[in-house]
Protein chains: 2
Amino acid sequence: MTLRHADRIADALEELIFTGQFDDGDRLDEISLANHFGVSRTPIREALQRLVASGIAEQLPRRGVFVRQPGPVELMEMFETMAEIEAVCGRLAARRISEDALSDLEQSNARCRDAVAKGDSDAYYRENERFHHTIYAQSGNSYLASQAQRLHRRLQPFRRLQLRLRGRMAQSMAEHEDIVEALTAGNDERAATALRDHVGIQGEKFRHLMTELRTAAQ
Amino acid sequence: MTLRHADRIADALEELIFTGQFDDGDRLDEISLANHFGVSRTPIREALQRLVASGIAEQLPRRGVFVRQPGPVELMEMFETMAEIEAVCGRLAARRISEDALSDLEQSNARCRDAVAKGDSDAYYRENERFHHTIYAQSGNSYLASQAQRLHRRLQPFRRLQLRLRGRMAQSMAEHEDIVEALTAGNDERAATALRDHVGIQGEKFRHLMTELRTAAQ
DNA sequence: GTCAACATTTTTGTATACAATATGGATGTT
DNA sequence: AACATCCATATTGTATACAAAAATGTTGAC
């Protein structure tokens, strides 16, 4: 039970930024934040450093720290990168995955299917996380897995959004089954392609949502 | 001209750790470092935070910050990840690379050839950096490129080591030419494979060096 | 001699004080 | 009125002071 204020505050700020409480370019004022969290500037500054290190905010020397929400272009780049990294995980996992992990994946998929039937997008989301996390781990490369996890987490809020699109859950479901088939067969190229496409489609759907939002705003 | 002590110190510490001035598990004592750099603990702490964020050091709450040199296993994982990420960059670059960048690559290779002839490993190293950096950039995905650059930088000291192996520069040279050919032909799978193997061999050579060192030590 | 409980000392984490720099506005000039 | 200059203010960056927790050393019992 670590009672470090800096860590707690960093998590809280990250959450606030991810949930859109701050816009791109907003300055993260140390004094207001210190008052808000009831601490001094010191732990606030440490928390801000962490945000800067993880790319969520930007620091201009002697000017302050500003939130840096990714724009459409960077988001698409991040989705593309995620697709390629997942493909890599899949390629490696196809050759290294354990029997236990394979049945874990099948179990996750079964639970996903239930969630689709019930229209329970939260449950679907939870099992989906588990599914992907298992594949990362089964790449047999814990460094790669940690990087994948990191980007996955960064894209989490956006990934989640596109799941709300009509029919997307069922489609995603089918893609998952393709992936498991390829992994079971030990077909590395097919696993890579299936995962790349799966995440690539997520990016496409997300882009669609964004352009829709933009035209709606006009 | 940023005069932030914290930034300068973080860079200095990173350099010290990369050049092996600290062993794995060494505690980075705030007070000694403060005396060493002639500043107070505050900028030291900020610098340490940055090291922790980039994975060079580890923080145990209320215990301190400890340097974390990657062991053999993690190093091989990082090389494998680098190989796969470079492969991805190559695959994307094969479809997106500009004529200008292609001639840049050829020029880098020509300079590399000169360096090999002269046995100038520093010059070779410099042009090699340029070569890979160009490919990252030509992936057309600046997020991916920045991640590739980041890992490349992390592996830099180890990459450099294996270049000293007999005949390695000439071999690496030939691999570079394969890569340029594939990119010129726009053959994405071949470019990916060539880059994956190129970096994969670096990992192999490095592993060889390590086991040699270990047996020599016994 | 070993081990446990307590006191002392270090060290981390946080608060506050101070220094240095950037920002915004008032003032004066053209 | 537009613009430059200078000053007051606000904010960041650093130093120091204090609080809390861990590491260490000492003492005493068995």
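Every chain is numbered from 1, with letters handed out A, B, ... down the list of sequences.
For D188(B), the salt bridge (Lys or Arg N to Asp or Glu O under 4.0 Å) criterion is met by R95(B), not counting sequence neighbours. Considering only residues two or more places apart in sequence or on other chains, S172(A) meets the side chain to side chain donor-acceptor pair (under 3.5 Å) condition with Y124(A). Listed by chain and number, the residues in a salt bridge (Lys or Arg N to Asp or Glu O under 4.0 Å) with R168(A) are E175(A) (sequence neighbours excluded). Evaluation of the salt bridge (Lys or Arg N to Asp or Glu O under 4.0 Å) rule for D24(A) yields no partner, not counting sequence neighbours. R45(B) meets the salt bridge (Lys or Arg N to Asp or Glu O under 4.0 Å) test with E46(A), E30(B); sequence neighbours excluded.
For the pair H5(A) NE2 and dA19(D) P, the interatomic distance rounds to 15 Å; values are reported in whole Å. Residue I44(B) contributes atom CD1, which lies 15 Å from atom C1' of dT16(D) at whole-angstrom precision. Atom P of nucleotide dG13(D) and atom CZ of R8(B) are separated by 15 Å, given to the nearest angstrom. Taking atom CZ of residue F66(A) and atom C1' of nucleotide dA22(C), one finds them 11 Å apart after rounding to whole Å.
A parallel orientation is assigned to the rings of H132(B) and H198(B), their planes being inclined by less than 30° (bins at 30° and 60°).
The stretch residues 126-147 of chain B participates, sequence neighbours left out, in these salt bridge (Lys or Arg N to Asp or Glu O under 4.0 Å) pairs: R111(B)-E127(B). Applying the ring pair (Phe, Tyr, Trp, His ring centres under 6.0 Å) rule to pairs touching residues 47-101 of chain A yields F79(A)-F206(A), sequence neighbours excluded.
Less than 4.0 Å separates DNA chain D from no heavy atom of any residue of residues 49-58 of chain B.
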Pairs under 3.5 angstrom, nitrogen or oxygen only, protein versus nucleotides 10-12 of chain D, please.
residue	atom	partner	partner atom	Å
dT11(D)	O3'	R27(A)	NH1	3.4
dT12(D)	OP1	R27(A)	NH1	2.5
dT12(D)	O2	R62(A)	NH1	3.2

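Of the side-chain N and O atoms in S40(A), one or more sit less than 4.0 angstrom from OP1 or OP2 of dA15(C).
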